[in-house]
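Heads up, the thing below is written out as structure tokens.
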2 protein chains.
Amino acid sequence: MANIYEQDAERCEYLCVHDSVVKKVLDEMPDEEKLFDLAELFKIFGDSTRVKILYVLFEAELCVCDISTLLGATQTAVSHQLRILKSSKLVKSRKDGKNVFYSLADSHVTGIINLGMEHINE
Amino acid sequence: MANIYEQDAERCEYLCVHDSVVKKVLDEMPDEEKLFDLAELFKIFGDSTRVKILYVLFEAELCVCDISTLLGATQTAVSHQLRILKSSKLVKSRKDGKNVFYSLADSHVTGIINLGMEHINE
DNA sequence: ATAACATGTGAACAGATATTCATATGTTAA
DNA sequence: TTAACATATGAATATCTGTTCACATGTTAT
């Protein structure tokens, strides 16, 4: 970036709030990478198919076939989404013969979804 | 949809799990609309700019100009995102002369973000 | 060995979305 | 009133993403 003045040209030149507030905000702020990862995590929850998958796994571990049947989605679509959920460590899998059973990876999943539901139900 | 057999052609014909489990899963499952809304809510959190905005609002209410300065983003981009955050009832606004001050709308916001952070920090 | 089955995966396509640009609206100070 | 400022908004664009399709992999039963 060539020039800070050019870069900041669109913004106001001074802050409305007090310096102490600015300092506190910047102190509490996690670094860029953490914030990116956090957004990436929520992006995972931000899809109907994935939320449904997580919901059906609340009660029991299920194989890919059962999940797609319960959701009314194709096996392929579910498989793609399970891959994403697994790489984000939200679900884990266990192979048993031809089947692969998926289950929730940790308790944060239910916590996050339940809080989200609380916000919806208002 | 023409035919349920055609529709379900790709999936297995029977469920691996017991009927009692299927019944429980379907009982606990919120309806389609709720699940859609839930995914829409998390979609809001699934963007770096919006997560950053929510974070800077943890400490204090801020005007658009301050937010964009603190984030290093353009006023326009921030304004667009604030509109989305407001329509999802995650932030509220208060007008004061030329400025518009934004603040978090309710406690669910911090709860959801903190749970997300817990998951990241593992 | 071969057929039937369950799952995984890469490419392609369509739809969604975040940013930028240009401009409009509304407010304060001169 | 006019200039400067803060914010909002619509259109355009480029990027991202979820599904589908075709097919590969791996497992079980005959």
Side-chain angles (χ1 to χ4, degrees), chain A residues 1 6-17 35-36 39-53 61-88 91-102, chain B residues 1 6-17 35-36 39-53 61-88 91-102:
Chain A
M1 273 169 274
E6 195 174 349
Q7 179 192 352
D8 288 9
E10 306 184 44
R11 296 191 291 274
C12 53
E13 290 127 48
Y14 58 92
L15 289 164
C16 307
V17 296
L35 291 168
F36 180 83
E40 289 299 304
L41 174 68
F42 286 124
K43 210 170 282 181
I44 307 293
F45 289 92
D47 174 79
S48 284
T49 304
R50 288 192 292 265
V51 165
K52 286 177 193 169
I53 291 175
E61 67 167 12
L62 294 170
C63 66
V64 178
C65 183
D66 286 353
I67 295 172
S68 54
T69 303
L70 288 170
L71 263 59
T74 65
Q75 176 271 319
T76 307
V78 169
S79 194
H80 275 299
Q81 298 309 331
L82 282 169
R83 188 178 185 280
I84 293 172
L85 288 168
K86 195 179 176 186
S87 69
S88 307
V91 305
K92 57 183 186 245
S93 66
R94 173 179 72 81
K95 192 166 186 183
D96 179 25
K98 281 186 300 186
N99 296 309
V100 178
F101 288 89
Y102 284 86
Chain B
M1 270 167 274
E6 195 175 347
Q7 179 192 353
D8 288 8
E10 305 185 45
R11 296 191 291 274
C12 53
E13 289 129 48
Y14 58 91
L15 289 165
C16 306
V17 297
L35 291 168
F36 180 82
E40 288 300 303
L41 174 66
F42 286 123
K43 210 171 282 181
I44 307 295
F45 289 91
D47 175 79
S48 283
T49 303
R50 287 192 291 265
V51 165
K52 286 178 194 169
I53 291 175
E61 67 167 14
L62 295 169
C63 66
V64 178
C65 182
D66 286 353
I67 295 172
S68 53
T69 303
L70 288 169
L71 263 59
T74 64
Q75 175 270 319
T76 308
V78 170
S79 195
H80 276 297
Q81 299 308 331
L82 282 169
R83 187 178 185 280
I84 293 172
L85 288 168
K86 196 179 176 186
S87 67
S88 307
V91 304
K92 57 183 187 241
S93 65
R94 174 179 71 83
K95 193 167 187 184
D96 180 25
K98 281 186 298 185
N99 297 309
V100 178
F101 287 90
Y102 284 86

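The figures that follow rest on heavy atoms only: side chains count, while hydrogens, waters and symmetry mates do not. Reminder, nothing fancy here: chain letters follow the sequence lines and each chain counts from 1.
- Side-chain contact between A:Lys52 and A:Thr49 is absent, with no heavy atoms from C-beta onward closer than 4.5 Å.
- Remark: A:Arg94 pairs with A:Glu61 by the side chain to side chain donor-acceptor pair (under 3.5 Å) rule, at least two apart or across chains.
- As a whole-Å value, the separation of B:Ile84 CD1 from D:dT7 P is 18 Å.
- How far CD of B:Gln81 is from OG of B:Ser48: 10.5 Å, rounded to the nearest 0.5 Å.
- Of all heavy-atom pairs between B:Ile44 and B:Ser88, the closest is CD1-OG, 3.3 Å.
- Across every non-hydrogen atom of B:Val78 and B:Ala73, the tightest pair is CG2-CB, 4.0 Å.
- In this model, the phosphate group of C:dT17 is not approached by any side-chain N or O of B:Gln81 to a distance below 4.0 Å at OP1 or OP2.
- Residues passing the side-chain contact (heavy atoms from CB on, under 4.5 Å) test with B:Ser79, sequence neighbours excluded: B:Gln75.
- Atoms CG (B:Leu85) and P (D:dT7) sit 16 Å apart, rounded to a whole Å.
- Contacts of B:Lys86 classified as side chain to side chain donor-acceptor pair (under 3.5 Å), with partners at least two apart in sequence or in another chain: B:Ser93.
- Each of B:Leu70, B:Ile67, B:Asp47 was evaluated against B:Ile53; a single residue qualifies, B:Ile67, per the side chain to side chain contact (heavy atoms under 4.5 Å, CB included) test.
- In this structure, the ring pair (Phe, Tyr, Trp, His ring centres under 6.0 Å) partners of B:Phe42, at least two apart in sequence or on a different chain, are A:Phe45.
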Nucleotide-resolved protein contact map, nucleotides 8-14 of chain C, B/S/- at heavy-atom distance under 4.0 Å: BBB----

What string of B, S and - do you get for nucleotides 25-30 of chain C, 5' to 3', if B is base contact, S is sugar-phosphate-only contact and - is no contact with any protein heavy atom under 4.0 Å? -SBS--

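- A close approach under 4.0 Å does not occur between any side-chain nitrogen or oxygen of A:Asn99 and OP1 or OP2 of D:dT27.
- Within a heavy-atom distance below 4.0 Å of DNA chain C, the residues of residues 42-53 of chain B found are B:Lys43, B:Asp47, B:Thr49, B:Arg50.
- Between B:Ser87 and B:Ile84, the shortest heavy-atom distance links the atoms OG-O, 3.0 Å.
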